[in-house]
Number of protein chains: 2
Amino acid sequence: MLYPVFMSAALPPFPKPEEPVDARQLLEVALAPDEPCLRADAARNRARLLEAASRLIAEHGAAGVTMEAVAAAAGVGKGTVFRRFGDRTGLLTALLDHSARRLQEDFLGGPPPLGPGAPPADRLRAFGVAVIHRAAEQLDLQLAAQPDGTRRFAHPSHRALHIHVVMLLRQVVADADCELLGQTLMAYLDPALIHHLTGQRGMPLERLEKGWLDLVDRVTRTGA
Amino acid sequence: MLYPVFMSAALPPFPKPEEPVDARQLLEVALAPDEPCLRADAARNRARLLEAASRLIAEHGAAGVTMEAVAAAAGVGKGTVFRRFGDRTGLLTALLDHSARRLQEDFLGGPPPLGPGAPPADRLRAFGVAVIHRAAEQLDLQLAAQPDGTRRFAHPSHRALHIHVVMLLRQVVADADCELLGQTLMAYLDPALIHHLTGQRGMPLERLEKGWLDLVDRVTRTGA
DNA sequence: GAATGAAACTGGACCTCGGTCCGTTTAGAG
DNA sequence: CTCTAAACGGACCGAGGTCCAGTTTCATTC
């Protein structure tokens, strides 16, 4: 199995650099609803599982969250966990859902400079700072929740952020290949990179933030 | 076990933005020797294993290379594979070794614009194009060989390329935080990203290359 | 309000694969 | 020849993921 149906939509074909993004694309990519009309027992078990997983993380860190342990702690069979969340990253992602939603609401409809109203370049700057902070708060969980290999980029939550960045970029550097620039900016915000820099090497967060602001400046600077 | 000794050196502390890189750092990070004085039987088995793995990849793709299959195909115990290569990514990395070495030789001592002699910005451009092409040739293998999570960035072969990029960047934008810019540029060249863009979405390689040249321009453009 | 049938859910046995362990074997130096 | 460090191999383990026979929900029908 790959994913529950509501997560498995095929990726849209890649638009040419000059094609505008369909506004609906943003909607499409919005995070799937938390509990898409589950049967009563299923919803109950889902809640139990999330709570159990939460507890396990608090006790043993993200690494201690094995699927069997979660199932056992929730008093449920292993198969149930997989049916509900697809795979381990699905479960972990669900735990991040609240935080992801809040971030998304903030930049879609919150107050400036993150939300609409501020100049796009400022929104971009604020966006990066927000993402970096969020990453710093939940590093291990975000790290563990990240699918490996290629799937990282196909993941809905990645795509939501990516599309937002691209939208902002288009308003600042309309002539550039914003899809690619967007991937570049997103890569800077990769939790794995952040963890590597702050955890493994001892880089302070402020330097990462400064680096983001500088990167945005460079990327959005229009031709000499 | 983590790694055979010669691979396990701890990462150096992160230099402040303004500190110059010790030239020796480049040497330190040079790829470890292929066969560091192995016993005769060990060397023989190592060769057998690599050959077997190669064959398995040719037949079933990188995904078909299980450690047991390789061991069996080489007529060797499973423990031997792990003792020799540490883990799966170690084995896969060893398969990429030739190609990695050639790339490294090319940009360390080959002819311009990749090698020394050309202006640093040109070398940077050539570097990216070379990496993209190499990635395109061996996508599945590079993808499978990539360690997941944070270890991706700590891996010697990543660090070698990163350090090279940083060195070039310092010659073009001395005042910037080249460590971070270097990570950003490297992220653009991430095999997983390349595979996502060319494989999953249908992006042609030329667009990726154009994107790289543009990115280098933007990043190295000195203040307005 | 009870019967009913299909769709959804459940649980745990089972599989695969990466990785570890440790008792045994062997290369090769002295 | 001997002795030791190195290499060997395969049993073993844990964890993610699959499968499917049995169970539960609930909308529909009577």
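The sequence lines fix the lettering, A, B, ..., with proteins before strands; numbering per chain opens at 1. Note that the structure is predicted; figures quoted are calculated from it, not measured.
For B:Glu51, the side chain to side chain contact (heavy atoms under 4.5 Å, CB included) test picks out B:Arg55, with sequence neighbours left out. With sequence neighbours excluded, no residue satisfies side chain to side chain donor-acceptor pair (under 3.5 Å) with A:Thr198. Remark: A:Glu206 pairs with A:Pro204 by the side chain to side chain contact (heavy atoms under 4.5 Å, CB included) rule, at least two apart or across chains. By the side chain to side chain donor-acceptor pair (under 3.5 Å) test, A:Glu209 pairs with A:His133, sequence neighbours left out. Residues satisfying the salt bridge (charged side-chain N to carboxylate O under 4.0 Å, His left out) criterion with B:Asp41, sequence neighbours excluded, are B:Arg39. With sequence neighbours left out, B:Ala71 forms a side chain to side chain contact (heavy atoms under 4.5 Å, CB included) with B:Val81. The side chain to side chain contact (heavy atoms under 4.5 Å, CB included) test applied to A:Leu103 returns A:Phe107, A:Ala130, A:Val131, A:Arg134, A:Leu161, not counting sequence neighbours.
Between B:Asn45 and D:dC8 there is a side-chain polar atom (N or O) within less than 4.0 angstrom of OP1 or OP2. Here B:Arg84 reaches the OP1 or OP2 of D:dC8: one of its side-chain N or O atoms lies under 4.0 Å away.
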Original post:
Would B:Leu169 and B:Val219 count as a side chain to side chain contact (heavy atoms under 4.5 Å, CB included) if you check the C-alpha gap in whole Å, the side-chain angles of each, and the deciding distance to 0.1 Å?
Top reply: CA-CA 9 Å; B:Leu169 275 175; B:Val219 160; 4.2 Å; yes

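Near DNA chain D, defined here as any heavy-atom distance below 4.0 Å, there are no residues from residues 51-60 of chain B.
Of all nucleotides listed (C:dT10, C:dG19, D:dG17), D:dG17 comes nearest to the side chain of A:Asp87. Closest to the A:Lys78 side chain, of the nucleotides D:dG9, C:dT10, D:dG16, is D:dG16.
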Heteroatom pairs (N/O) under 3.5 angstrom, protein to nucleotides 1-4 of chain D:
none

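For the pair A:Thr80 and B:Glu68, both in contact range of DNA chain C, the more 5′-proximal nearest nucleotide belongs to A:Thr80.
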Subject >> Per-nucleotide protein contact string for nucleotides 23-30 of chain C, where B marks a base within reach and S marks sugar-phosphate only (heavy atoms under 4.0 Å, - for neither) >> reply: ---BSS--

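Sorted by first and then second residue, the side chain to side chain donor-acceptor pair (under 3.5 Å) pairs involving residues 139-149 of chain B (not counting sequence neighbours) are B:Gln138-B:Gln142, B:Gln146-B:Asp190. For residues 42-61 of chain A, there are no ring-ring contact (aromatic ring centres under 6.0 Å, His included) pairs, not counting sequence neighbours.
Rounding to whole angstrom units, CG of residue B:Leu91 and P of C:dG18 are separated by 10 Å.
Atoms CD1 and CD, on A:Ile194 and B:Gln183 in that order, are 11.5 Å from each other to the nearest 0.5 Å.
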